[in-house]
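What follows is a short report on a single structure.
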Amino acid sequence: MKGLMMHFPLTVPSILEYGNRVFPSKQVVTLLPNGSLHRYAFADLYRRSRRLSEVLRLRWNIAPGDRIATFAWNQYQHLELYYAIPGAGAVCHPLNIRLSVSQIAWIINDAQDKVIFIDASLVPVFEKVIPMLDHVPDFVIINADKDFKAGFRFMHYEDLELDTPATQDWVAADEDDACGMCYTTGTTGEPKGVLYSHRSTYLHAMSIMSPNAFNISMHDTALLIVPQFHVMAWGFPYVCILAGANMIMPSSHLQSQAIVQLIQQEKVTIANGVPAIWLQVLDYLKKNPPAEKLTLREFFVGGSAVPESLLQGFDELFGIRGVHAWGMTETSPLGTISRLQPHHERLSPDAQRKIRSKQGIEMPAVELRLIKEDGTIAARDGETTGEFEIRGAWVAGRYYNSEAHSDQAFVDGWFKTGDVGTIDPDGYMLITDRKKDLIKSGGEWISSIALETALVAHPSIKEACVIAVPDAKWAERPLACIVIEDGTTVSPDDLKTFLKGSFASFQVPDQYVVMQEIPKTSVGKLNKKALRKLYQEGELKPVK
Ligand code: ADP
């Protein structure tokens with residue numbers, strides 16, 4: 001027998017409808033790239049987004065399913081696009097501004113974005129992308145002065161007349177329609193598109209709001225440090241509207257001093273960010289202790305493993321709790337979160353931090369399992385290691401436009417994460433290794449395979465193997481181990497210059513080791529485990 005309940009579609013515009021009905025005067029504050037502060041209320045965000053959604057349809061003839069990209073910081077106009085695009089039935093596609101020019105172009109060509117909204121401060125990067133595009137999108141520039149010049153034709157965002165009242169309603173979407181898309185990068189050059197649905201976005205937002213997760217309410221003011229182009233800012237643009245939490249948008253001001261100032265000035269209570277950001281903020285606070293206790297109650301940290309020392313520093317020096325979470329672009333992103341359970345509270349602070357620095361327990365509507373090398377399911381005993389597989393209400397089921405990658409990653413209704421570790425009897429995930437050959441530096445991916453391929457193209461290099469080495473600031477950095485042709489020499493500077501053309505600057509290794517030979521496995525593959533061990537034992541002496 002079917003239930004007899006109403007069918008209420010869980011759509012992105014209905015999130016903003018709710019925010020406008022219930023929390024119209026809650027605030028969105030943006031520190032714009034030019035340093036000026038912009039403030040308005042949820043009611044303004046609603047009004048302008050609805051109008052923008054109409055403008056998209058009237059001006060560009062946007063049809064359901066069309067992709068519209070953004071190339072922007074965390075700023076109020078970007079929030080307007082987050083709602084207006086799905087509200088026009090289209091797919092909001094934030095582009096990662098930190099990727100290399102060729103990766104960005106590849107992604108735009110794959111997504112076939114019809115219109116691209118670019119912040120004026122990012123136009124110099126974007127100009128290099130344009131010659132590589134295989135189609136001609138329309139461009140709109142945000143925050144451009146009247147006499148702003150770019151090397152391509154564009155419209156001013158401010159000329160879209162968003163303060164004119166909208167006459168049309170949102171496009172009525174099916175809750176399973178696509179509303180947003182992010183590409184995961186870092187593998188062998190081919191990023192993979194993840195297409196979120198209205199329903200998955202709504203359910204993820206509701207779930208991360210709950211007390212066992214981010215515990216966000218109308219009493220909060222949230223600082224959105226995670227970029228809107230990183231898995232939709234971890235769902236914050238949606239959850240803050242549902243929770244009635246004020247939103248503070250730092251745009252390009254991501255230096256510790258600016259972050260701390262925003263926390264103080266806007267009385268921020270929660271914030272999100274990768275460990276590299278929080279390590280820098282901790283360091284800044286140690287050097288510049290605030291006169292008054294910060295209003296920041298908790299910060300959410302993930303994207304890379306969180307060092308216990310980071311949690312300890314904030315706990316002991318500033319009474320601020322770091323809450324560790326794990327997820328992926330494919331998981332919207334929140335898969336697990338590491339809050340303590342009541343029976344942990346009798347443990348010592350150090351023992352508690354051991355648990356808090358694990359990746360945590362599954363969110364409701366998400367299931368994890370561990371698969372051993374022999375293909376069987378590992379026990380949740382905290383000892384048996386395996387690869388994590390995940391399924392759930394906001395986990396991708398396929399990649400966009402990529403059958404081969406999809407067939408590899410999604411098997412029997414589960415997604416293979418490529419992360420390796422254990423689950424303890426209390427259900428806490430601990431990541432100990434990564435199957436995918438990637439390095440994560442400051443929250444951004446670096447493909448070791450892509451670097452190795454590029455390095456061996458250098459005339460003096462016979463063999464190259466790139467491994468991740470721990471880094472206090474960036475979590476991980478690439479170390480390039482190379483074997484050079486007899487009678488040749490090569491300097492780190494030569495190699496950096498050589499790689500700069502094909503990689504974003506943060507992806508270029510700053511450390512190199514010249515070796516007689518690179519250790520190999522029994523089947524002749526580069527033995528990265530052995531190299532990592534040599535590095536840990538101090539046997540490799542990198543030069544910069
Ligand atoms: P994001 O943009 O959130 O970093 P990605 O899809 O780019 O998402 O990266 C996901 C991967 O990042 C995971 O598979 C894992 O390897 C790593 N990761 C994410 N969060 C954590 C964490 N808390 N601890 C360790 N690794 C993490």
Worksheet item: Does any N or O in the side chain of H38 come within less than 3.5 Å of the main-chain N or O of T30, such that one atom is a donor and the other an acceptor?
Response: no

Worksheet item: If we only count heavy atoms from C-beta on, is the L95 to F229 side-chain gap below 4.5 Å?
Response: no

Discussion item. Under a plain distance cut-off of 3.5 Å, with no hydrogens placed, do T269 and R297 share a side-chain donor-acceptor pair?
Written reply: no

Worksheet entry | Sub-4.5 Å side-chain heavy-atom contact between W394 and P333 | no

Worksheet item: Between Y284 and Q255, does a side-chain hydrogen bond (donor to acceptor under 3.5 Å, both in side chains) hold up when you go through it step by step?
Response: CA-CA 10 Å; Y284 175 85; Q255 317 73 4; over 6 Å; no

Worksheet entry | Derivation and outcome, side-chain hydrogen bond (donor to acceptor under 3.5 Å, both in side chains), residues S121 and D119 | CA-CA 5 Å; S121 60; D119 188 76; 2.6 Å; yes

Worksheet item: What is the ring orientation for F236 with F300, classed by angle as parallel under 30°, tilted 30 to 60°, or perpendicular over 60°?
Response: tilted

Worksheet entry | Criterion side chain to side chain contact (heavy atoms under 4.5 Å, CB included) on R339 and V323, from CA distance to verdict | CA-CA 7 Å; R339 285 197 186 273; V323 180; 3.9 Å; yes

Worksheet item: What's the spacing between I208 CD1 and M206 CE if we round to 0.5 Å?
Response: 11.5 Å

Discussion item. Under a 3.5 Å distance rule, please check whether H93 uses its side chain to pair with a backbone N or O of A111 as donor and acceptor.
Written reply: no

Worksheet item: Is the shortest side-chain N to carboxylate O distance from E452 to K528 below 4.0 Å?
Response: yes

Worksheet item: Taking it one step at a time, do Y183 and Q103 satisfy side-chain hydrogen bond (donor to acceptor under 3.5 Å, both in side chains)?
Response: CA-CA 10 Å; Y183 276 75; Q103 282 173 321; over 6 Å; no

Discussion item. Tell me whether R356 is salt-bridged to D350, with the criterion being a basic N under 4.0 Å from an acidic carboxylate O.
Written reply: no

Fill in: Whether S447 side chain and L438 backbone form a donor-acceptor pair below 3.5 Å
no

Practice prompt. Answer whether the closest heavy-atom distance between the side chains of M328 and T331 falls below 4.5 Å.
Written response: yes

Worksheet item: Stepwise, does the side chain to side chain contact (heavy atoms under 4.5 Å, CB included) test hold for S441 with D471?
Response: CA-CA 9 Å; S441 180; D471 183 90; over 6 Å; no

Worksheet item: What distance do L224 atom CG and I248 atom CD1 have between them, rounded to the nearest 0.5 Å?
Response: 9.0 Å

Practice prompt. Evaluate the criterion side chain to side chain contact (heavy atoms under 4.5 Å, CB included) for residue pair V194 and M181; output intermediate values, then yes/no.
Written response: CA-CA 5 Å; V194 177; M181 130 186 260; over 6 Å; no

Worksheet item: If you measure from the Lys or Arg side-chain nitrogens to the Asp or Glu carboxylate oxygens, is any gap between K440 and E444 under 4.0 Å?
Response: no

Worksheet item: Between G322 and L311, which heavy-atom pair has the shortest distance, and what is it?
Response: O-CD2, 3.5 Å

Worksheet item: Once you round to the nearest 0.5 Å, how far does CG of N288 lie from CD of Q261?
Response: 10.5 Å

Discussion item. Test your reading of the model: is there a side-chain donor-acceptor pair from S406 to the backbone of S402, 3.5 Å cut-off?
Written reply: yes

Discussion item. Has Q27 got a side-chain atom pairing as donor or acceptor with N246's backbone, closer than 3.5 angstrom?
Written reply: no

Practice prompt. May I ask you to decide whether R434 forms a salt bridge with E476, counting only side-chain N to carboxylate O separations under 4.0 Å?
Written response: yes

Worksheet item: Taking the six-membered ring of Y399 as reference, does the NZ or CZ atom of K192 fall below 6.0 Å from its centre and within a 45° cone about the axis?
Response: yes

Fill in: Donor-acceptor pair, side chain of H324 and main chain of S357, under 3.5 angstrom
yes

Item to complete: For the pair R353 and E308, evaluate salt bridge (Lys or Arg N to Asp or Glu O under 4.0 Å) and give the outcome as yes or no after the intermediate values.
Response: CA-CA 6 Å; R353 269 190 294 270; E308 268 176 66; 5.4 Å; no

Discussion item. Taking the side chain as everything from C-beta on, heavy atoms only, tell me whether D424 gets closer than 4.5 Å to D381.
Written reply: no

Discussion item. I'd like to check T221 versus M247 (side-chain heavy atoms, cut-off strictly below 4.5 Å). Are they in contact?
Written reply: no

Practice prompt. Under the salt bridge (Lys or Arg N to Asp or Glu O under 4.0 Å) rule, what do K26 and D220 come out as? Steps first, then yes or no, please.
Written response: CA-CA 10 Å; K26 286 293 186 151; D220 281 310; over 6 Å; no

Item to complete: Any chance you could measure L282, atom CG, to I277, atom CD1, to the nearest 0.5 Å?
Response: 13.0 Å

Worksheet item: Roughly how far, to the nearest 0.5 Å, is CG of L479 from OG of S448?
Response: 11.5 Å

Worksheet entry | Check ion pair R199-D177 (N to O, under 4.0 angstrom) | no

Worksheet item: Counting N and O atoms only, with roles assigned by atom type, does the side chain of S256 sit under 3.5 Å from a partner on the main chain of Q280, one being a donor and the other an acceptor?
Response: yes

Practice prompt. Run the numbers on F23 and F42 for ring-ring contact (aromatic ring centres under 6.0 Å, His included), then give the verdict.
Written response: CA-CA 7 Å; F23 304 115; F42 282 11; 7.0 Å; no

Item to complete: Determine the interplanar angle of the W278 and F314 rings, folded into 0 to 90°, and report it as parallel if under 30°, tilted if 30 to 60°, perpendicular if over 60°.
Response: perpendicular

Worksheet entry | Test item: side-chain donor near acceptor, S210 and N212, under 3.5 Å | no

Practice prompt. Could you check if a side-chain atom of P250 sits within less than 4.5 angstrom of a side-chain atom of L31, using non-hydrogen atoms only?
Written response: no

Fill in: Close aromatic pair by centroid cut-off 6.0 Å: Y82 and Y238
yes

Worksheet entry | Pair K416 + E387, salt bridge at N-O below 4.0 Å | no

Worksheet item: Do K496 and Y512 have side chains that get closer than 4.5 Å, going by heavy atoms?
Response: yes

Worksheet item: Do any N or O atoms from the side chain of S338 and from the backbone of K358 form a donor-acceptor pair under 3.5 angstrom?
Response: yes

Practice prompt. Report yes or no: does T385 contribute a side-chain atom to a donor-acceptor pair with the main-chain N or O of G421 at less than 3.5 Å?
Written response: no

Response to the item:
Residues L370 and T422: closest non-hydrogen pair is CD1-CA, 3.7 Å

Response to the item:
Separation between CG (L10) and CD1 (I15), nearest 0.5 Å, reads 8.5 Å

Practice prompt. Start with the C-alpha gap between S200 and S197, add the side-chain angles, then the distance that decides, and say whether side-chain hydrogen bond (donor to acceptor under 3.5 Å, both in side chains) holds.
Written response: CA-CA 5 Å; S200 71; S197 68; 3.3 Å; yes

Worksheet item: Ring centroid separation for Y428 and H344, is it under 6.0 angstrom?
Response: yes

Worksheet item: Okay, side chain of Q352, backbone of L347: is any donor-acceptor separation there less than 3.5 Å?
Response: yes

Item to complete: For salt bridge (Lys or Arg N to Asp or Glu O under 4.0 Å), just list the numbers for K473 and D283, CA-CA rounded to whole Å, side-chain angles, deciding distance to a tenth of an Å, and then say yes or no.
Response: CA-CA 10 Å; K473 186 164 178 194; D283 189 50; over 6 Å; no

Worksheet item: Is D426 salt-bridged to R380, going by a charged N under 4.0 Å from an acidic O?
Response: no

Worksheet item: Is the distance between the ring centroids of Y76 and H78 less than 6.0 Å?
Response: no

Worksheet item: Using 30° and 60° as the class limits, which term best fits the ring planes of F388 and W326: parallel, tilted or perpendicular?
Response: tilted

Item to complete: Could you please spell out the steps behind the salt bridge (Lys or Arg N to Asp or Glu O under 4.0 Å) verdict for D419 and K435?
Response: CA-CA 6 Å; D419 288 326; K435 238 175 141 177; over 6 Å; no

